[in-house]
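Input: a single structure, listed below in structure tokens.
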Amino acid sequence: MARSSTAFVCQSCGASHPKWAGRCDDCGAWNSLVEEVATPTPGGGVKRRHTGKALDFVDLGGTSEPAPRMLTHIAEFDRVAGGGLVPGSALLIGGDPGIGKSTILLQAVARMAQSGIRTAYISGEEAIDQVRLRAARLGLAHMPVALATATALSEIIPALEATDGPQVVVIDSIQTMYVDTLDSAPGTVAQVRTCAQELIRLAKRRGFAVVLVGHVTKEGAIAGPRVLEHMVDTVMYFEGERGHQFRILRAVKNRFGPTDEIGVFEMTEAGLIEVPNPSALFLAERRGDVAGSAVFAGMEGTRPLLVEIQALVAPSSLGTPRRAVVGWDANRLAMIMAVLDARCGLALGGNDVYLNVAGGLRITEPAADLAVAAALVSSLYQTPLSSETVVFGEIGLAGEVRQVGQADARLKEAVRLGFERAIVPASRTRKRAKIDGLNMNEIDRLSELVDLLTPAEAPPRMAGPQKVFR
Ligand code: TYD
Ligand code: MG
């Protein structure tokens with residue numbers, strides 16, 4: 001008989017260690033190692049016996065049907081999923097507890113059930129009454145969704161194997177499920193992986209779509225969705241700041257569609273409501289003509305999204321000035337401040353700098369560089385950008401302003417929302433097509449932006465001397 005051995009498995013990243021330690025060497029999480037019995041897989045070990053049947057290789061070309069889709073009829077959800085759920089596929093929705101995963105999925109299965117798709121919602125966290133109460137609150141109590149509470153996979157699998165079993169199954173959450181062949185507790189990496197594997201295999205065989213809910217945990221007390229990302233076809237994260245009512249559904253992996261798509265929702269008393277026009281939402285709170293504010297014309301996937309970037313630059317009383325960034329990369333901010341210093345002679349070193357992306361959104365595009373720089377300079381000099389201006393462009397270390405992708409889509413969205421002026425990278429390769437109603441301010445260097453925002457009475461700036469070594 002194979003000897004079962006124990007290993008210490010990090011509940012955050014799944015790395016296995018022979019000895020316990022306070023910190024996982026792989027991902028750096030603290031206090032996340034849990035002892036687990038590594039059960040040898042049945043029939044494990046390398047088999048060298050040949051089965052006699054060779055692989056059938058085929059050509060790359062050939063006719064295959066596009067995957068059929070089951071629509072949730074929540075347009076934002078369907079778009080992020082790449083056009084609906086694919087039968088026989090597995091979808092993972094991760095997110096912080098309480099962000100609204102159960103709510104959006106209940107809404108989604110209810111809408112699918114309404115359109116005649118057989119759906120099941122299996123809750124391992126909430127009692128039937130709790131789910132019913134939520135359904136009533138969402139006005140979905142009359143929808144033909146099959147509801148059950150269960151945590152043992154041995155109960156769930158037979159129900160899903162039935163001939164007229166569901167076509168879409170939600171497992172809420174995968175961290176509460178367990179198989180009794182494993183000794184470890186529900187929520188450990190071993191349990192989470194085994195349960196997911198079983199469910200995914202069944203989904204492929206029976207052709208239903210399985211949606212797994214996974215809580216993101218900071219403490220590492222239970223295994224996070226990361227340990228499942230490689231096993232499923234689609235991974236989405238549901239994000240948002242607790243204090244804001246906006247929720248963003250983001251696809252980070254999709255075998256059946258594009259990633260980088262986001263869906264924007266608003267959490268209301270009646271559940272999650274789609275926001276078809278997020279730019280208007282993110283700009284709704286904006287006060288015009290305030291120093292330190294710039295509107296960035298960004299892209300999220302295929303969709304343009306306008307957001308306000310706010311900066312506050314104030315003389316510091318501390319030896320090491322403060323830098324605080326919300327919604328953007330702190331290293332990127334440091335880089336832009338260094339470029340402003342070295343290439344434009346704008347010393348921000350003695351100032352506290354705060355940067356905020358309004359509305360609780362997180363931006364990852366380098367295209368936001370120029371808007372961040374505009375907000376910083378505007379705050380430093382107390383010169384507001386006119387409120388009808390949008391800004392985008394990437395900044396290079398030499399102080400040059402670089403082209404970014406999908407400029408036309410960004411500009412069109414700006415015009416649609418009533419913006420009249422755009423500060424954008426100068427096009428080197430081709431003449432930019434004129435866009436009606438938009439006054440273009442094409443710039444080549446960051447110093448041109450600084451000049452635009454420098455008041456007449458400001459002291460002259462001095463960029464560091466440039467020596468050429470030969
Ligand atoms: P939930 O879907 O239970 O989160 P998760 O499954 O990700 O843990 O959402 C819970 C939060 O959503 C809770 O704080 C209450 C809020 N909520 C609303 O504001 N309106 C609603 O209609 C519902 C159902 C929930
Ligand atoms: Mg929940």
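Counting begins at 1 with the first residue of the sequence. Everything quoted here is computed from the prediction, not taken from an experiment. Every number for a ligand or one of its atoms is a count from 1 in the order of the listing.
Here the straight-line distance linking atom OH of Y121 with atom CD1 of I171 works out to 10.5 Å at 0.5 Å rounding. Going from atom CG of L202 over to atom CG of L160 covers 6.0 Å, rounded to the nearest 0.5 Å. In this structure, CG on L105 lies 4.5 Å from CD1 on I93, to the nearest 0.5 angstrom.
Numbered from 1 in the order shown, with element, the atoms of ligand 1 that lie under 4.0 Å from a heavy atom of P97 read 8 (O). Taking every non-hydrogen atom of G271 and a distance limit under 4.0 Å, the qualifying atoms of ligand 1 come out as 21 (C), 22 (O).
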Stepwise salt bridge (Lys or Arg N to Asp or Glu O under 4.0 Å) test for E274 and R247 | CA-CA 10 Å; E274 300 169 61; R247 298 285 182 270; over 6 Å; no
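Q11 and T188 form no side-chain donor-acceptor contact under 3.5 Å, judged by distance and modelled atom types alone. Side chain to side chain, N254 and T234 meet the donor-acceptor criterion of an N or O pair below 3.5 Å. A side-chain donor from one of R416 and N277 sits under 3.5 Å from a side-chain acceptor of the other. One side chain, S279 or E413, offers a donor N or O that lies under 3.5 Å from an acceptor on the other.
Remark: minimum distance from atom 20 (N) of ligand 1 to any protein heavy atom is reached at T268 O, 2.8 Å. Among protein heavy atoms, atom 10 (C) of ligand 1 sits closest to G98 O, 3.8 Å. Looking only at heavy atoms of the protein, atom 19 (O) of ligand 1 is closest to M267 CG, 3.4 Å. Counting protein heavy atoms only, atom 4 (O) of ligand 1 is closest to G100 N, 3.1 Å.
Of all the heavy atoms of S102, the ones lying under 4.0 Å from any atom of ligand 1 are found in both the backbone and the side chain. Counting heavy atoms closer than 4.0 Å to ligand 1, residue R137 contributes side-chain atoms (C-beta onward) but none from N, CA, C or O. Contacts with ligand 1 closer than 4.0 Å are made by heavy atoms of both the backbone and the side chain of K101. With a 4.0 Å heavy-atom cut-off, ligand 1 is reached by the side chain of L138 but not by its N, CA, C or O.
Not one N, O or S atom of S173 sits under 2.8 Å from the Mg ion (ligand 2).
Within 4.0 Å of atom 16 (C) of ligand 1, at least one protein heavy atom is present.
Nearest to atom 1 (P) of ligand 1 by heavy atom, out of D96, I99, T103, is T103.
At least one N or O atom of R134 sits closer than 3.5 Å to an N or O atom of ligand 1.
Seen from the ring of F392, R410 counts as a face-on cation partner, given the 6.0 Å and 45° thresholds.
At least one heavy atom of A270 sits less than 4.0 Å from an atom of ligand 1.
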